[in-house]
Amino acid sequence: MTFKPTYNLIDELKWRGLFHQETPGIENVLNTEQVTGYVGFDPTADSLHVGNLVPIMLLVHLQRAGHKPIALVGGATGMVGDPSGKKAERTLLDLETLNHNLACIRTQLERFLDFDGPAAAEVVNNYDWFKEFGFLEFIRDVGKHITINYMMAKDSVKNRIESGLSFTEFSYQLVQGYDFYHLNTAKGCKLQMGGSDQWGNIVTGTELIRRKGGSEAYAITAPLLTKADGSKFGKSESGNVWLDAEKTSPYKFYQFWLNTSDDEAEKLIRIFTLLPQPEVMALIEAHRADPGRRELQRRLAEEATLLVHGQEALETALAASNILFGKSTAEQLKSLSESDFLDIFDGVDQSEMANIEGVNIVDLLTDSGFLASKSEAKRELKGNAISVNKTKVGEEYVASSADLIQGKYLLLQKGKKTYYILNVTS
RNA sequence: GGGGAGAUACCAGAGCGGUCAAAUGGGACGGACUGUAAAUCCGUUGCUUCGGCUACGUAGGUUCGAAUCCUACUCUCCCCA
């Protein structure tokens with residue numbers, strides 16, 4: 001039977017800026033047969049974050065090109081710890097945390113792939129084939145094929161020789177390499193993809209497959225993303241940007257993308273959306289002509305939020321952004337229904353207070369837990385930073401129940417971007 | 001093992017007996033401008049019942065008064081062996 005991919009995966013990855021390195025021959029294989037390829041995900045937290053979206057996109061493109069994607073969650077590798085890019089030995093996760101993380105990540109991954117049809121995706125856990133694998137068996141069957149010299153030559157190991165590296169992390173590449181071998185023999189998987197920091201680990205896998213006599217095996221890596229200033233991609237002021245709506249609300253997620261710089265947005269829209277090339281190019285051109293409209297950032301934020309959180313969440317995020325940053329007034333705020341209000345401010349920090357009638361603004365800010373001390377409250381008030389229900393207030397402001405939205409809420413704000421909701425219970 | 005240098009606010013780094021809640025730079029936060037940007041400019045950056053209070057590695061001591069002097073301890077760095 002003949003196979004024809006929907007499109008040339010390598011070309012697609014290249015123009016999107018998702019291509020860093022490949023092993024020779026993969027392009028030809030991708031164009032002539034349906035390839036099963038995998039990407040591994042570490043269960044280091046109970047949610048993936050935007051940085052993990054890069055390898056996810058690799059799988060998505062693989063599938064869209066007509067190939068079979070496998071997402072591997074690292075139940076076994078997560079117990080060992082990948083030394084790549086790490087300066088120091090990691091602490092091991094306990095089993096309970098690990099299992100919890102695995103389950104969460106698995107659910108998240110399932111959202112991005114199609115599990116039906118001729119290119120149906122699969123999610124696997126490497127713990128399944130490692131749990132019965134004994135140590136002696138492993139060092140005889142796997143360790144014998146790879147030399148220490150070979151393993152020591154990897155950057156991930158070399159960089160740690162000075163500062164120290166446990167045997168556990170040293171052997172990580174063998175464990176990951178064996179994953180590839182296992183998938184290769186059990187599922188005919190010929191391709192492993194990942195960030196460029198995974199190159200060494202992936203190649204250990206292809207080497208192992210070659211020596212143990214599996215079928216041919218290939219690698220493709222994507223460049224590691226950094227911001228223009230060299231800092232790590234995927235962090236906002238408030239920390240990691242997670243894919244879990246509980247940890248990073250769709251609104252904050254949308255805002256993360258909207259706030260990207262012009263240069264960055266040009267890069268990111270290729271990587272994190274599935275918009276076709278002509279449309280992307282047209283958007284970039286339009287944006288350069290009139291950067292002030294931030295059409296590019298808007299579109300990027302919309303597409304990324306849609307991809308990760310879906311239509312409904314996107315609409316709420318848009319509505320919230322409009323209210324928060326548009327020229328909305330206290331009147332408009334008060335006219336919101338309670339459920340709209342709560343939807344829009346979903347994810348905004350909040351606390352409860354019993355009674356606010358006659359409470360001075362300084363006490364309000366500190367007692368609510370919004371600001372840490374009265375000195376800070378006074379400072380910010382003096383700096384003209386504090387608003388109540390979108391209206392700037394000074395130190396003389398005293399709260400009254402007439403200010404409450406829907407008789408229950410007070411919207412506190414420091415600066416333009418920091419909001420806090422006071423839920424008045426009495 | 002011997003000798004030397006040091007430990008100050010988020011970070012770097014001045015201060016070396018009172019005028020030090022501590023220069024300066026960076027960061028962070030706020031304001032103006034703008035595109036919810038960048039750059040720029042301005043302000044703020046321990047707590048407080050606004051009387052004060054607690055802070056310069058830790059514990060003591062000298063002094064009217066200590067970040068500053070003395071003692072011990074802990075830690076860091078450098079040189080020699």
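On a predicted model such as this, the values are computed, not experimentally measured, just so you know. Proteins come first, then strands; the chains are lettered A, B, ... in the order of their sequence lines, and each starts at number 1.
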Distance, rounded to the nearest Å, where A/L381 contributes CG and B/C29 contributes C1'
14 Å
Taking atom P in both B/A39 and B/G27, what distance in whole Å separates the two?
9 Å
Provide the distance between the two P atoms, one in B/C41 and one in B/G25, to the nearest whole Å.
12 Å
Anything under 3.5 Å between a donor and an acceptor, one on a side chain of residues 108-119 of chain A, the other on a protein residue two or more places apart or in another chain? List them.
residue, atom, partner, partner atom, Å
A/Q108, OE1, A/L48, N, 2.8
A/Q108, NE2, A/S47, OG, 3.0
A/R111, NE, A/V308, O, 3.4
A/R111, NH1, A/V308, O, 3.4
A/D114, OD1, A/D116, N, 3.1

Tell me whether the NZ or CZ atom of A/K190 lies within the 45° cone about the ring axis of A/Y218 and under 6.0 Å from its centre.
no
Determine the Euclidean distance between corresponding P atoms of B/U62 and B/C70; express it in Å to zero decimal places.
15 Å
All N/O pairs under 3.5 Å across the protein-nucleotides 34-37 of chain B interface:
residue, atom, partner, partner atom, Å
B/U34, O4, A/K416, NZ, 3.0
B/G35, O4', A/G292, O, 3.1
B/G35, O6, A/D262, OD2, 3.2
B/G35, N1, A/D262, OD1, 3.1
B/G35, N1, A/D262, OD2, 3.0
B/G35, N2, A/D262, OD1, 2.8
B/G35, N2, A/Q297, NE2, 3.2
B/U36, O2', A/N259, OD1, 3.3
B/U36, O2, A/Q255, OE1, 3.0
B/U36, N3, A/Q255, OE1, 2.8
B/U36, N3, A/Q255, NE2, 3.1
B/U36, O4, A/Q255, NE2, 3.1
B/A37, OP1, A/K417, NZ, 3.4

Partners passing side-chain contact (heavy atoms from CB on, under 4.5 Å) against A/T260 (at least two apart in sequence or in another chain):
A/E264, A/A265, A/L268, A/Q297, A/L300
What's the gap between B/C20 and B/G31 when it is taken at their C1' atoms, as a whole Å value?
29 Å
Can you check the distance between B/A67 and B/U54, where both ends of the measurement are the C1' atom (answer in whole Å)?
15 Å
Contacts satisfying side chain to side chain donor-acceptor pair (under 3.5 Å) that involve residues 368-379 of chain A (not counting sequence neighbours) are A/D363-A/K374
Using a cutoff of under 3.5 Å, can you pull out all pairs of nitrogen or oxygen atoms linking the protein to nucleotides 39-49 of chain B, with atom names and distances?
residue, atom, partner, partner atom, Å
B/C47, OP1, A/S373, OG, 2.9
B/C47, OP2, A/R379, NH2, 2.7
B/U48, OP1, A/K374, N, 3.0
B/U48, OP2, A/K374, N, 3.2
B/U48, OP2, A/S375, N, 2.6
B/U48, OP2, A/S375, OG, 2.4

With side chain to side chain donor-acceptor pair (under 3.5 Å) as the criterion, how do A/T204 and A/Y150 come out once you've worked through the C-alpha distance, each side chain's angles and the decisive distance to 0.1 Å?
CA-CA 9 Å; A/T204 300; A/Y150 182 83; 4.6 Å; no
Checking all strands, does A/K414 fall into the base, sugar-phosphate, or nothing category for heavy-atom contacts under 4.0 angstrom?
sugar-phosphate
Separation between the P atoms of B/C10 and B/C29, rounded to whole Å:
16 Å
Per-pair distances, 0.1 Å, donor-acceptor, side chain in residues 37-45 of chain A, under 3.5 Å, sequence neighbours excluded:
residue, atom, partner, partner atom, Å
A/Y38, OH, A/Q192, OE1, 3.3
A/Y38, OH, A/Q192, NE2, 3.1

Rounded to the nearest angstrom, tell me the gap between atom CG in A/L365 and atom C1' in B/C29.
15 Å
What integer number of Å spans the C1' atoms of B/U48 and B/G3?
49 Å
Atom P, compared across B/A72 and B/C77: separation rounded to whole Å:
23 Å
May I ask you to decide if the ring planes of A/Y419 and A/F325 are parallel, tilted or perpendicular, using 30° and 60° as cut-offs?
perpendicular
With the 90 degree cut-off around zero defining syn, does B/G15 come out syn or anti?
anti
Would you tell me whether A/D82 and A/S156 have side-chain atoms, one donor and one acceptor, within less than 3.5 Å of each other?
no
For the CD atom of A/E357 and the CG atom of A/L404, what is their distance to the nearest 0.5 Å?
8.5 Å
